[in-house]
Amino acid sequence: MRIFTILCVVVLLALAIGIGWLHATENFASTVATAIGGVIAFAVVALWAVCRFGGSVKSKIVTLIAGVLAVGGSTQLFRYNGSFDGSSLPQFTWRWAPEKGEGLDDLSNLKQSGGSASAGLEDWTPPGIYQDSPGYLGADRTGTFTGFTLETDWEKYPPQELWRIKMGLGWSGFAVKGRYAVTQEQRDVLEMVTCYNFETGEPMWAHRNNARFSEGMGGDGPRATPQIDGDRVYALGATGILDCLELATGKLLWSRQVLEENETGNPMYGKSGSPLIIEDQVIVTGGESGPLLVAYDRMTGEPAWKNGTDAAGFSSPVLTTLGGVEQIVSVNARSVTGHHPVSGDELWRWPWPGTFPRPGQPQIIGGDRVLVTASYGLGSHLLKISAPTADGKSNVEEIWESSRMKTKFSSVCILGDYAYGLDEGQFACINLENGDREWKDGRYGFGQNLLIGDVLLVQAERGQVVLLRATPERHQELATLDALASDTKSWNTPTLAGSYLIVRNDVEAACYRLPVKIADETPIRIQP
């Protein structure tokens, strides 16, 4: 009878957890429901067992106290090690185990290489197809690449690993120009902008700031990908340090404290938006209060303007044309806005309330529509931006709202009338006409994705690189590669420089030469 009672209690609690889990539309909610339900279930069963079988009142009290002390003492054996994956499932490790990033060289032995930033472009011609990838998600921040086609038979034509190196903490991607592959990483107390030789992976230079951003769920280190412009690199650290460096040597040309100078706090998950270069200005997002956008002279670092009232989001501003007007589009903490590229004046605003982050990049469709995607119940929205009226402002119309594409950390790619992306860890295709889902399949976790022609390249959360056919008909997996270590999260955006792919996580980076469909091995350079 006692066993039957215990089983009934456990079954009922498990059922309650399961109902909460099934009704949760996103992994974050499922994890929360499971964690809370599990703790309650354990506490109820333990308390019931002590009260039912614990003997005298005194022995029951002693047993309860001993149990509480045992649970509390066991916590000293483990430490919280951030989230296991993008579903926010907590990860624990032995308290004495080494932490990620420990024991790495601080690269202080590197010497400045000298020379000019253009030298690496002129004296090196890689085999196959090469294309500069100067910043986040490529030259135009869409994650879409054209001009060549990937060979998808990786059994017959496998990717060639060129180099593999250890990396510090952080979620930055690489920016590539010629021989220079630049990223950001955390090594102990130093937040670094680092440059590696694109051919060999050997470090070329490192710029160091005495800063470390820490956040329990997402992990430590910088988030944003640097932006290369001509012979300069612009890098925004997680604490708001904006550095302008010489590409060839890493020499510091100027630096600004974006958050401190504008008297605003850091967003919860740190600064993650990449700098945007527009003619003679470099533009970055602000902090947890206004200004929304801050512009500096790209040569001197002198303030140019600041504008906008919303708190900064976690995506990167983009320069595009909507309704016939060139403008900056920014996905913010509680809105999506368009801004004049010279002054930052607001041209339109679409309210998008909610407290959760939305790192996905806005995608421009047809010259007058913007697709924004997010998780945490925020959903996907297709907006239509009108041509400006007499006062220079544009009207915004929401065409549709859908819960069929919830991208969380990543962004969608657009091909024809369809959007492709990671919907809560599974790949999905939605119709841009109405937001309806065409298909959803393939569990790749909370990774990233690019589009090359009609082939999708997916960086899975556990280190695999997967090729998919970009078609609305069905999920079609073409090739797979175990590119990175599987025991950590691969949240960093991959970098495609022609047929060269750099993938990275918070412990290592690797460069592969991918097979492409060309007639011979004649070196080809495609400029973005």
Side-chain angles (χ1 to χ4, degrees), residues 25-26 136-150 152 315 318 320-322 329 331 336 350 352 358-375 378-385 396-461 465-480 493-494 496 517:
T25 59
E26 299 181 358
Y136 181 57
L137 290 174
D140 58 3
R141 301 193 170 181
T142 65
T144 300
F145 301 84
T146 60
F148 62 97
T149 303
L150 290 183
T152 59
S315 70
V318 297
T320 188
T321 298
L322 285 168
V329 175
V331 177
V336 184
W350 181 72
W352 198 9
R358 51 213 82 183
Q361 286 298 105
Q363 292 287 2
I364 312 304
I365 302 166
D368 64 350
R369 290 170 293 162
V370 180
L371 177 64
V372 292
T373 60
S375 287
L378 297 168
S380 301
H381 304 263
L382 185 64
L383 313 176
K384 184 174 182 180
I385 314 300
V396 184
E397 173 191 358
E398 183 180 77
I399 299 175
W400 52 254
E401 176 185 1
S402 173
S403 62
R404 299 303 187 180
M405 183 63 77
K406 303 175 290 294
T407 51
K408 203 159 191 173
F409 302 149
S410 58
S411 305
V412 298
C413 293
I414 306 296
L415 182 62
D417 297 326
Y418 300 92
Y420 301 85
L422 286 161
D423 175 23
E424 283 293 305
Q426 283 186 274
F427 218 83
C429 169
I430 63 170
N431 194 316
L432 292 175
E433 181 180 354
N434 49 29
D436 289 347
R437 180 184 294 150
E438 300 296 326
W439 53 260
K440 180 178 178 178
D441 202 353
R443 295 185 178 275
Y444 306 115
F446 296 87
Q448 303 287 340
N449 50 268
L450 306 174
L451 177 66
I452 306 98
D454 65 345
V455 175
L456 292 153
L457 187 148
V458 182
Q459 171 63 72
E461 188 174 27
V465 169
V466 184
L467 296 187
L468 304 177
R469 182 70 65 195
T471 173
E473 296 177 0
R474 61 185 176 89
H475 171 259
Q476 185 180 354
E477 196 169 287
L478 304 172
T480 61
T493 302
L496 191 71
K517 295 181 179 179

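Both backbone and side-chain heavy atoms feed into the values below; hydrogens, waters and symmetry mates do not.
- Note: Thr320 OG1 to Arg141 CZ = 12.5 Å, rounded to the nearest 0.5 Å.
- Screening Thr142, Leu496, Thr493 against Leu137 for a side-chain contact (heavy atoms from CB on, under 4.5 Å) leaves a single residue, Thr493.
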For this session: Take Val331 and Val372 through the side chain to side chain contact (heavy atoms under 4.5 Å, CB included) test and state the conclusion after the steps.
Result: CA-CA 8 Å; Val331 177; Val372 292; 4.1 Å; yes

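- How far CG of Leu422 is from CZ of Phe409: 11.5 Å, rounded to the nearest 0.5 Å.
- For Glu398, the CD atom sits in a packed shell: over 12 heavy atoms of surrounding residues, nucleotides or ligands are nearer than 6.0 Å.
- For Arg358, the side-chain hydrogen bond (donor to acceptor under 3.5 Å, both in side chains) test picks out no residue, with sequence neighbours left out.
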For this session: Start with the C-alpha gap between Val458 and Val465, add the side-chain angles, then the distance that decides, and say whether side chain to side chain contact (heavy atoms under 4.5 Å, CB included) holds.
Result: CA-CA 6 Å; Val458 182; Val465 169; over 6 Å; no

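- Partner of Tyr444 under the side-chain hydrogen bond (donor to acceptor under 3.5 Å, both in side chains) criterion, chosen from Glu461, Gln459, Glu477: Glu477.
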Exercise. Between Leu322 and Ile364, does a side chain to side chain contact (heavy atoms under 4.5 Å, CB included) hold up when you go through it step by step?
Worked result: CA-CA 8 Å; Leu322 285 168; Ile364 312 304; 3.7 Å; yes

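- Side chains of Phe427 and Val466 form no contact here, defined as non-hydrogen atoms less than 4.5 Å apart.
- Atom CG of Leu457 and atom CD of Gln448 lie 11.5 Å apart (nearest 0.5 Å).
- Residues Ser380 and Thr373 bring no donor and acceptor atom of their side chains to less than 3.5 Å of each other.
- Residues Leu371 and Leu432 have side chains in contact (heavy-atom distance under 4.5 Å, counting atoms from C-beta outward).
- The shortest distance between side-chain heavy atoms of Pro362 and Val318 falls below 4.5 Å.
- No more than 12 heavy atoms of other residues, nucleotides or ligands sit less than 6.0 Å from atom CG of Asp417.
- Between Trp439 and His475, the two ring planes are perpendicular [angle over 60°; tilted spans 30° to 60°].
- Separating the OG1 atom in Thr471 from the CD atom in Glu438 is a distance of 9.5 Å, to the nearest 0.5 Å.
- Expressed to the nearest 0.5 Å, how far CG of Asn449 lies from OG of Ser411 amounts to 7.5 Å.
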Exercise. Going through the distances and angles, do Glu433 and Tyr418 end up as a side chain to side chain donor-acceptor pair (under 3.5 Å)?
Worked result: CA-CA 8 Å; Glu433 181 180 354; Tyr418 300 92; over 6 Å; no

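- Contact annotation: the side chain of Ile452 never approaches that of Thr149 to less than 4.5 Å [non-hydrogen atoms, C-beta and beyond].
- Within 6.0 Å of the NZ atom in Lys384, the count of heavy atoms belonging to other residues, nucleotides or ligands does not exceed 12.
- Arg404 has no carboxylate O lying under 4.0 Å from a charged side-chain N of Asp436, or vice versa, which leaves the two without a salt bridge.
- A salt bridge links Arg437 to Asp423: one of the charged nitrogens lies within less than 4.0 Å of a carboxylate oxygen.
- Here CG of Leu382 is found 13.0 Å from CE of Met405. Values are rounded to the nearest 0.5 Å.
- In this structure, the ring pair (Phe, Tyr, Trp, His ring centres under 6.0 Å) partners of Trp350, at least two apart in sequence or on a different chain, are Trp352, His381.
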